[in-house]
Protein chains: 2
Amino acid sequence: MALERPRRADARRNYDRIVAAAENEIAQHGADASLEEIARRAGVGSATLHRHFPSRQSLLEAVFHDRVEALCAQAREMRQSPDTGSALTHWLEAVAVYGATTRGLARSLLGGGRESEPPPDSTCEAMLVDAGGELLSLAVGAGAVRPDVSIIELLTLVNAISLATESGSDPAGEATRLLRLAIEGVRTTTH
Amino acid sequence: MALERPRRADARRNYDRIVAAAENEIAQHGADASLEEIARRAGVGSATLHRHFPSRQSLLEAVFHDRVEALCAQAREMRQSPDTGSALTHWLEAVAVYGATTRGLARSLLGGGRESEPPPDSTCEAMLVDAGGELLSLAVGAGAVRPDVSIIELLTLVNAISLATESGSDPAGEATRLLRLAIEGVRTTTH
DNA sequence: TGCGAAGTGGGGTGGTACTCCGTTTCGATG
DNA sequence: CATCGAAACGGAGTACCACCCCACTTCGCA
């Protein structure tokens, strides 16, 4: 969180252009769209792209930052809800649907999806962990959710579901269905 | 399932070499190991690799066929078990752990993980669907598992979990934990 | 043993990520 | 408003990849 000194105007402009182009390209071709093509569409040299975003992951973070922020805001609102269990599960559903329908988002959140990168520094993931953690502890406090569950686990599960359903015919529907299944449990409730 | 006429001896030999090399390379570098490098290690030209395996997916299928077959055999044995609910969940756990610890397997099963390919023709997935389907219907018949669940959903969930935990520090542990969570459910059982 | 078909692999094409470095542009300063 | 150093740029260069073409080699049947 070191405060960064102001960048030059042209740098800022190019940064924004790249993010905009990336948003388009990723929506069309998924999380591993061509960086070269993104730079081309943004009207900048490939070196400029790589200077602003040293890794693909950092570009993805920039592209999805706003949407993730919106999800976090939604979580903050939901803290008011009297039914903490539903608040948590509805929020998780929202995250799952967002991830399943926004191409590349799930891959971007899942530590890059791939192996490698010692410093993933996933800011987006951290934001969701913070926002969701609060909902979870409320739900656990109210006895609506098993106390031995961590928000990391839940988000991993949600992301896994998004990733798996992203390429299907009805991503939102499949994601919702799978998540509900996981939340309710597979086994019949033993009375 | 058209019966294929016998290939020449050298073709068979190269085929086997490629699969062996791919097994090594995928274990080291994951599901998107370099096909070029695999061909090199196998001592064949890249054209030969592409002739035997027209897509990356088909190579992955060949590499993992035996392991998947083993999982299916295990499912067949477990049909004898008196506790059909446990049989199903234990088998799903086995699949999850296998997928999480064998690099590339989850990606290979998840329709390629990526979009595209009209004819994925995922033989491995079909095998698991058959084998698991029987365990599921037994479990549903015994009332141990919710009747509104399909084996496709369960396997998708398992694969998603494998994929998400594959790159962590303790893939088998994380996969097992997440799967159990999904099977038991997140919410506290409402008495 | 000969010969045709099956199989091979080197080299070509076009794409990618990422870097080097000479050139351009900004913007603070006098 | 002119100057100038630092910041930023971008095209050309490197190294890798998937995939294809086609002249050549090898197999195995008769």
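Lettering of chains follows the sequences in order, A, B, ..., and the numbering in each one begins at 1.
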Tell me the interatomic distance from A:L35, atom CG, to D:dC16, atom P, rounded to whole angstroms. 19 Å
Nearest heavy atom decides the nucleotide; on that basis, is A:E37 or B:A11 closer to the 5' end of DNA chain C? B:A11
Of all the nucleotides listed (D:dA8, D:dG10, C:dA17), which has the minimum atom distance to the side chain of A:R56? C:dA17
Please classify the nucleic acid contact of A:R13 as base, sugar-phosphate, or nothing, using heavy-atom distances under 4.0 Å. nothing
Give a yes or no on whether B:I152 and A:L181 share a hydrophobic cluster (residues Ile, Leu, Val, Met, Phe, Trp, Tyr; joining criterion: side-chain heavy atoms under 4.5 Å apart). yes
To the nearest angstrom, the CZ-P distance between A:R12 and D:dA8 comes to 12 Å
Taking 4.0 Å as the cut-off, does a side-chain nitrogen or oxygen of B:N14 come that near to OP1 or OP2 on C:dT8? yes
Mind checking if B:A39 touches a base, just sugar-phosphate, or nothing, with heavy atoms under 4.0 Å? nothing
Please identify each residue that fulfils ring-ring contact (aromatic ring centres under 6.0 Å, His included) with A:Y15, with sequence neighbours left out. A:H52, A:F53
Less than 4.5 Å apart, any side-chain heavy atom of B:L154 and any of B:L88? yes
Given DNA chain D, 5'-ward residue of the pair B:A9 and B:R40, judged by closest heavy atom: B:R40
Could you check how far CG of B:D10 sits from P of C:dA5, rounded to whole Å? 17 Å
Measure from the side-chain N and O atoms of A:T48 to the backbone N and O of A:V44, and report whether any donor-acceptor pair falls under 3.5 Å. no
So does A:C124 get a backbone contact from the side chain of A:E61, meaning a donor-acceptor N/O pair under 3.5 Å? yes
Under 4.0 Å from any atom of DNA chain D, heavy atoms only: list the residues of residues 45-55 of chain B that qualify, in numerical order. B:S46, B:A47, B:H50
Over how many whole Å does the gap from B:L59 atom CG to D:dC19 atom P extend? 11 Å
OP1, OP2 of C:dA17 versus side-chain N and O of A:S34: anything below 4.0 Å? yes
Identify each donor-acceptor pair in which a side-chain atom of residues 17-28 of chain B lies under 3.5 Å from a protein atom, sequence neighbours left out, and give them as a table.
| residue | atom | partner | partner atom | Å |
| --- | --- | --- | --- | --- |
| B:E23 | OE2 | B:R67 | NH2 | 2.9 |
| B:E25 | OE2 | B:H29 | ND1 | 3.4 |

Listed once per pair and sorted, the side-chain hydrogen bond (donor to acceptor under 3.5 Å, both in side chains) pairs that draw on residues 81-91 of chain A, sequence neighbours left out: A:D83-A:S86
Indicate yes or no for a side-chain donor-acceptor contact from A:E166 to the backbone of A:G104 under 3.5 Å, with no hydrogens or angles considered. yes
Look for any protein N or O under 3.5 Å of an N or O in nucleotides 1-4 of chain C and output each such pair with its distance, or none.
none

Take atom CG of A:D32 and atom C1' of D:dA18, then tell me their distance rounded to the nearest Å. 14 Å
side-chain hydrogen bond (donor to acceptor under 3.5 Å, both in side chains) partners of residues 145-162 of chain A, not counting sequence neighbours, each pair once: A:R146-A:D148, A:E153-B:R177
